[in-house]
Peer 1: 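Shown below is the structure under consideration.
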Amino acid sequence: MTENMKKTTEQLVSEFLDIREMLRELEAQKKALEKELKNLTKNGPLVLEDGRKVETVLTYRPYPDTDKMKECGLYDELSKMVPVRTLKIK
């Protein structure tokens, strides 16, 4: 029997909620550090002591224009409902 099977449902839920909160905190820290690094590199790249370069680059990604798709009637035509299992803990 694996360790997870030995845990009670209460323990699993508690561990899940703890990890979810840690991830939220880490994501907030990551965003703050990213913002600070982008600010530091806005005037050009930085070279670290070990030779790595830190820079902010401008990239472009294609995003569907849903407003235009809706205007043309394509949004509803091309969209489909997909069932998704979502875990909810209240």
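The model shown is predicted, which means the values in this text are computed figures rather than measured ones. FYI, side chains are in, hydrogens and waters are out, and symmetry mates aren't considered; it's all heavy atoms of this structure. Residue numbers start at 1 and run along the sequence shown.
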Peer 1: Walk me through whether K35 and K31 qualify under side-chain contact (heavy atoms from CB on, under 4.5 Å).
Peer 2: CA-CA 6 Å; K35 182 178 179 181; K31 284 181 181 181; over 6 Å; no
Peer 1: Check the pair E21, R24 against salt bridge (Lys or Arg N to Asp or Glu O under 4.0 Å), reporting the backbone distance first and the verdict last.
Peer 2: CA-CA 5 Å; E21 183 58 33; R24 283 184 184 146; 3.8 Å; yes
Peer 1: Could you check if a side-chain atom of L87 sits within less than 4.5 angstrom of a side-chain atom of F16, using non-hydrogen atoms only?
Peer 2: yes
Peer 1: If you measure from CG on D65 to CD on E71, what distance do you get to the nearest 0.5 Å?
Peer 2: 8.0 Å
Peer 1: How many angstroms lie between OG1 in T8 and CD in Q11, if you round to the nearest 0.5 Å?
Peer 2: 3.5 Å
Peer 1: As an exercise, state the distance from OG1 of T56 to CG of L46, rounded to the nearest 0.5 Å.
Peer 2: 8.5 Å
Peer 1: Run K38 and E34 through side-chain contact (heavy atoms from CB on, under 4.5 Å) and show every step you take.
Peer 2: CA-CA 6 Å; K38 283 180 179 179; E34 185 175 24; 3.8 Å; yes
Peer 1: For the pair S79 (side chain) and Y75 (backbone), establish whether a donor and an acceptor sit closer than 3.5 Å, ignoring hydrogens and angles.
Peer 2: yes
Peer 1: Between L40 and L33, is there shared hydrophobic-cluster membership here, with clusters defined by ILVMFWY side-chain heavy atoms closer than 4.5 Å?
Peer 2: no
Peer 1: If I take atom CG from residue D76 and atom CE from residue M69, how far apart are they, to the nearest 0.5 angstrom?
Peer 2: 9.5 Å
Peer 1: If you round to the nearest 0.5 Å, how far is CD1 of I19 from CG of L26?
Peer 2: 11.5 Å
Peer 1: Does CD belonging to E36 count more than 12 external heavy atoms closer than 6.0 Å?
Peer 2: no
Peer 1: If you take all heavy atoms of T41 and V54, which pair is closest and at what distance?
Peer 2: CG2-O, 3.5 Å
Peer 1: Give a yes or no on this: more than 12 heavy atoms of other residues, nucleotides or ligands lie within 6.0 Å of atom CD of E25.
Peer 2: yes
